[in-house]
Each structure stands twice: as structure tokens, then as C-alpha cells.
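Here's the structure, in C-alpha cells; my notes come after.
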Amino acid sequence: MPASQHSVELGTILTELGSSVRLVAGGSPDLTRPVHGAAVWVPGDPVPPDLALIVVCTGLRGGIEEVFPILEAHGSRVVLLCDAPVGAEDLDAARVADNVVGVVSASAGDVVASVARSSQNVEEAVSRRLGALQRSLSLALADPAPVPALLVRLKRVCNATAALIDRHGDLVHATGPVPRTLLFDEISSTKADTQTLDIDGWRGLAARIADPSSPDEHTGWLVVTSRRPDFPDVYATSAVHVAASLVEANQRMGVLVRKQERAVRAAVLEQALALRRERHDAELAARVAGLGITFDMEVRVVVAVFARSPRSDRRQQTSDSLMDALSQMLSAAGHPSLITARGNGATFLVQCSVAALQRLLVGRESELPALQIGIGRPVTAVGGVADSYNDAQLAVRTLRRVAQAQSLMAYEDFDFATRLFADVGLERMVAWAEDFLRPLADRENLLAGLRSYFENDQNINVAAESLNIHHNSLRYRLTKVEELLTINLKQPAAVSSVFLALTAIDLTRQPGALKPRASRSRDEPPVGEIDAARGVTAFGNGGRGDIGVAFGPDR
């Protein structure tokens with residue numbers, strides 16, 4: 001091997017060789033003698049002129065005398081005999097002279113490698129040691145439970161307790177007892193990436209674990225502690241930093257795996273949502289089953305939308321966080337699911353009963369943003385996924401329209417009218433409603449009066465008060481409604497028809513459809529009406545009008 005520019009003492013090399021070398025008596029080795037490499041010599045080769053090279057002799061088949069040219073050459077050398085013949089250890093002192101001669105049981109290649117390792121400079125030695133440390137700890141990533149396996153390896157390397165603490169102070173993994181409360185109080189008091197700990201006799205190091213989904217946040221700390229007074233040393237500090245980077249790498253890989261899995265599940269769910277009612281796709285059903293969902297148990301489509309829309313600059317991040325939280329929550333509870341981002345929230349197909357889902361959501365409510373959740377009908381085949389999705393959408397629309405205090409509605413909670421919309425199809429019901437109420441499309445004041453009339457249980461006085469108009473004005477509006485729609489609001493069929501039509505329109509509030517409730521200031525007179533203070537309407541004395549509705553004394 002070529003000579004190294006870095007010299008090392010002979011004693012260091014002999015230590016590296018250990019018990020494999022035995023020095024021949026007669027020499028007087030100077031263990032502080034500098035050497036900077038090794039040269040392999042076989043009988044017949046010229047004697048190496050560099051006295052600072054260790055001469056590694058091999059191929060001595062003819063007897064010990066084959067090494068005499070080296071021993072008798074001018075100068076003092078270090079000679080190591082590999083595969084030495086019988087009698088090598090009995091060389092007389094005269095022949096050894098000032099040379100240092102040793103008999104080595106290892107091969108010539110192993111001796112050269114040992115000399116090379118010992119001759120490395122400080123930077124190379126440190127680099128080699130850190131590389132070996134990283135390789136040793138990286139092997140833990142191949143374990144089925146990589147983080148616990150990594151902590152076990154870190155414990156062996158540092159001879160100390162290793163633990164992973166999340167950002168809330170809870171112990172995630174530990175290889176032994178640790179003063180968790182004391183440690184958390186200390187490490188949570190600063191935002192430093194690395195902290196040296198000395199608390200109540202516990203000494204150690206804490207490395208902050210970055211959040212892969214948000215660079216400015218963190219998921220917790222990797223902590224290594226011991227009660228040894230000299231802990232941690234430089235090697236343990238390096239090991240903690242290497243292990244912390246591996247924990248972060250494992251988390252990043254976990255995020256990528258979850259995103260890929262979520263993309264696959266979202267694609268399958270989107271395909272199922274696109275199915276028409278009469279379609280039966282055996283291949284798609286098999287793909288859904290391959291992802292853990294079978295239709296022989298209760299399966300539902302759930303739509304979860306934000307109760308308050310997130311800011312536009314945080315919408316994507318908020319949506320991703322919601323889907324991650326829902327996926328982890330359902331997975332931890334053992335409910336297979338497919339999830340996709342749709343609209344202002346998430347849509348998921350889950351194998352779970354309504355009661356179990358309600359318990360799960362209530363139990364994890366503090367970990368989720370404010371949501372309005374609609375749950376569709378049970379799905380018995382892949383072709384029913386679209387129907388259940390429509391139910392869930394209808395439930396969310398109903399929550400937003402009439403139940404501000406309620407945050408969850410299932411198909412079983414629908415009233416008769418809403419279930420009718422679900423089974424007939426909301427789009428078809430809206431089309432019918434628009435056609436039926438078309439004569440009122442440009443009469444916002446009539447629509448407002450009609451809505452208020454039904455919302456207040458057909459009580460003329462209360463409905464008029466809510467509109468800030470006189471009760472005779474409202475009676476006038478209802479009369480005009482009857483004329484334009486050619487109905488009689490005394491007839492139950494007419495009442496139910498108008499109520500269902502208004503409900504369908506209000507559930508969608510689609511642009512271009514019938515306009516929603518008209519708004520008017522308190523002092524502005526109603527458009528197209530007779531002011532109650534200046535004239536008499538057809539709903540005059542007695543409170544009974546031509547619309548055919550019988551009013552009680554309070555109306």
C-alpha cells in the first residue's frame with residue numbers, strides 16, 4: 001500500500017492487531033516509534049527502502065531463512081511475518097538486531113487493513129466512526145416497528161434510556177423509566193433544536209423532531225437520559241442527532257405512504273361515487289374489497305364540511321389536515337375507509353354503524369375542527385355508493401338550513417319530506433319545484449311571505465310580524481300566490497305541494513333558480529302591495545279570507 005502522510009505510533013498499530021501478533025524475543029521495540037503505512041514483501045522482492053513502512057512478509061515456503069535479507073538489510077525495520085514457517089519465533093537475537101519482528105496469525109491482507117485503519121488521521125477516524133454509527137442505527141428502519149427498534153439500538157449505543165415524547169408531553173415510546181414530567185417542563189420551555197438536560201440528577205440530551213407536514217412545527221422530542229455524571233459524551237451526542245434525523249426521515253416516509261394510500265383510496269371512492277344507480281361494477285367492487293371494505297357489513301358514505309370556511313390561503317393545508325385526522329381516527333378505531341377531498345371538506349366511505357361513528361366523533365371532537373356531518377343510507381353494493389353520497393349531501397344542506405345548533409344528521413334522522421327528496425332525487429325534486437313555482441320567480445315579496453307563512457306554522461300574525469308588515473299585507477300576498485299558482489291553500493294537497501317545493505329550493509339555493517328570501521329594511525314599504533294603514537284588503541274583518549284557510553282567534 002502507498003505510504004500515508006499521517007504517522008502513527010507503533011504501539012497504536014500493535015494494539016489494533018491485538019492478540020493476533022506475538023513479538024519475537026531479542027528485539028527492543030520502541031512503542032512510540034512512528035510508522036506511516038505497510039508494504040507487502042515476498043521472497044525475491046527488493047527490500048523496501050522506507051524504514052517507516054511496516055514490512056509484511058508472506059509466502060515464506062522455503063524456511064525461515066527466506067526472511068534473512070530483510071533482517072540483514074541496513075537500518076531498523078518493523079517486520080511482521082504472516083504464514084511464518086516453523087522456527088520463526090526462535091530467531092536469534094543477532095539476526096533480529098535492531099529490527100522489531102512479530103509473528104502474526106492473520107493474513108497479509110488483514111494486517112495491511114489494520115495498519116491502514118490505525119494510520120488514518122483524526123478526521124478520517126471520526127468520519128469512519130460516524131458512518132458506522134449511522135449504518136448501525138439505520139438498520140432499525142427495516143424493522144416492522146422502526147421507531148421502537150431505533151430507540152433500542154440508541155439505548156445500546158449510548159448506554160442510557162431513550163424515549164420519544166410528543167409535543168403534548170405524552171410518552172410515545174421509551175426503553176426504560178424516565179422522569180417525563182420533569183423532562184417535558186424543561187424541553188418545552190424553549191424552541192431550541194437541541195437541549196442539554198441536567199434535572200434532579202438526570203443528565204441527557206433532547207433533540208426536537210420536526211413536523212414533516214409543517215416545517216415550522218414539531219411533533220415532539222427524542223430524549224436520551226442517564227444518571228451518569230459524565231453523560232452525554234461526544235459520541236452519545238452524535239448518536240442522538242443521527243437518531244433524530246432517522247425519526248424525522250421515518251415520519252416523512254410515513255407521510256408519503258399515507259398520501260399515496262389516500263390517493264389510491266380517493267380514486268376508488270371517486271369512481272364509486274360516479275356510478276349511476278343501475279350500474280353494477282364487479283371489478284370496482286373487488287377493488288373496494290381489496291382496500292378492506294366489504295358490503296356484507298354496514299357501510300355508509302359520510303360528508304364532513306367545515307362549519308366555518310377556512311381562509312383561502314390555508315384552505316389546502318386545512319383540508320389535508322382534516323383528511324389526515326379523519327383517516328387516522330378511523331384507522332385507529334379499526335374502521336376501514338376510503339376518503340377524498342370534495343367541496344369544502346371531505347367525503348369518505350366507511351365500514352361503520354351510525355352509532356359507532358357518532359361515539360367516535362364525539363370522543364375526538366376536541367381534535368377536529370368545527371364540522372357539519374351528513375351520513376347517508378346503508379350501502380349494500382358498490383352501485384349504492386352514489387345514493388348514499390346524495391343522502392349525506394342532503395343531510396349537510398338540511399343542517400345548514402334549519403339546524404344551526406346541530407352538527408350531525410343521518411339518513412334515519414330525515415323527516416318525511418327530506419326522505420322523499422333523498423329517494424326521488426334532490427335534482428329531480430328541484431326541477432319540479434322550479435317549474436311549479438315559476439310564476440313567483442320575479443315576485444320576491446310573495447316568496448318571502450309564503451316562506452314566512454310556513455316557517456311560522458301558518459300563523460298569519462306571527463309570520464307578518466317576522467316580516468315587519470301588517471297582517472293584512474301578508475293576507476294580500478297569500479291571495480296573490482293562490483292566483484298565480486292556481487291553488488287553494490285550504491286544500492292539504494296544495495299546502496304539501498307548496499311546502500315541499502319551497503323546501504327543495506331552499507335546500508339547494510342554486511344560482512339561477514328561484515331567488516331566496518327577499519330582504520327589506522324595516523321602513524321600506526312592500527313592493528306592489530297596498531299599505532295596510534291606507535286601505536282595506538280582501539283579508540278584512542273577521543280574519544277569514546278567500547284563500548280557504550280557517551284561522552283561530554289568535555290569527
Side-chain angles (χ1 to χ4, degrees), residues 1-133 135-136 157 233-235 238:
M1 64 171 286
S4 170
Q5 296 300 318
H6 175 71
S7 297
V8 65
E9 294 181 352
L10 175 60
T12 301
I13 293 177
L14 295 178
T15 301
E16 177 74 22
L17 291 171
S19 61
S20 65
V21 63
R22 299 184 305 278
L23 296 181
V24 175
S28 55
D30 181 3
L31 298 181
T32 62
R33 173 177 181 161
V35 294
H36 56 233
V40 177
W41 182 88
V42 296
D45 287 351
V47 176
D50 190 348
L51 299 179
L53 288 177
I54 295 177
V55 181
V56 181
C57 301
T58 187
L60 305 177
R61 298 290 183 266
I64 192 61
E65 60 273 9
E66 289 184 341
V67 79
F68 289 171
I70 294 290
L71 301 179
E72 295 173 351
H74 177 72
S76 174
R77 292 175 175 78
V78 178
V79 181
L80 298 179
L81 308 178
C82 298
D83 304 323
V86 178
E89 296 184 8
D90 297 331
L91 283 169
D92 55 70
R95 290 198 178 276
V96 172
D98 293 333
N99 297 306
V100 179
V101 181
V103 178
V104 185
S105 59
S107 66
D110 291 339
V111 173
V112 171
S114 296
V115 173
R117 286 195 298 270
S118 301
S119 301
Q120 286 180 329
N121 59 35
V122 175
E123 290 78 8
E124 292 172 334
V126 170
S127 176
R128 178 171 55 86
R129 194 176 187 191
L130 288 178
L133 174 64
R135 286 193 298 273
S136 174
V157 167
D233 55 18
V234 175
Y235 187 66
S238 301

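- For the atom pair Leu71 CG and Asp98 CG, the distance stands at 11.5 Å (nearest 0.5 Å).
- Side chains of Val157 and Tyr235 form a contact here, defined as non-hydrogen atoms less than 4.5 Å apart.
- The backbone N or O of Val101 lies less than 3.5 Å from no partner atom in the side chain of Asn99, so there is not a single donor-acceptor pair.
- Between Ser114 and Leu17, the closest heavy-atom pair is CB-CD2, 3.6 Å.
- Of all non-hydrogen atoms in Glu66 and Arg61, the two that sit nearest each other are OE1-N, 3.2 Å.
- Contact of the Ile70 side chain with the Trp41 side chain is registered, since non-hydrogen atoms from C-beta on lie closer than 4.5 Å.
- Using a 4.5 Å heavy-atom threshold, the side chains of Cys82 and Val111 count as touching.
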Report task. Step by step, work out the side-chain contact (heavy atoms from CB on, under 4.5 Å) result for Ser76 and Leu51. Result -> CA-CA 7 Å; Ser76 174; Leu51 299 179; 5.9 Å; no
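- We find the OG-CG distance between Ser20 and Leu80 to be 9.0 Å, quoted to the nearest 0.5 Å.
- With a 4.5 Å cut-off on side-chain heavy atoms, Leu10 and Val78 count as touching.
- Judged purely by atom type and a 3.5 angstrom limit, Arg77 uses its side chain to pair as donor or acceptor with the backbone of Pro48.
- For the side chain to side chain contact (heavy atoms under 4.5 Å, CB included) criterion with Val100, the lone passing option out of Ile54, Leu23, Val79 is Leu23.
- Closest non-hydrogen pair, Ala38 versus Val115, comes out as CB-CG1, 3.9 Å.
- The structure places CD of Glu9 at 11.0 Å from CG of Leu14, a figure rounded to the nearest 0.5 Å.
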Query raised in the report: side-chain contact (heavy atoms from CB on, under 4.5 Å) between Val55 and Cys57: does it pass, once the steps are laid out?
Result: CA-CA 6 Å; Val55 181; Cys57 301; 3.9 Å; yes
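- The minimum heavy-atom distance linking Val47 with Ala73 is given by the pair CG1-CB, 3.9 Å.
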Requested in this report: Show your working on side-chain contact (heavy atoms from CB on, under 4.5 Å) between Ile13 and Val35 and close with a plain yes or no.
Outcome: CA-CA 9 Å; Ile13 293 177; Val35 294; 3.1 Å; yes
Query raised in the report: Does the pair Leu81 and Leu60 meet the rule for a side-chain contact (heavy atoms from CB on, under 4.5 Å), with working shown?
Result: CA-CA 9 Å; Leu81 308 178; Leu60 305 177; 4.3 Å; yes
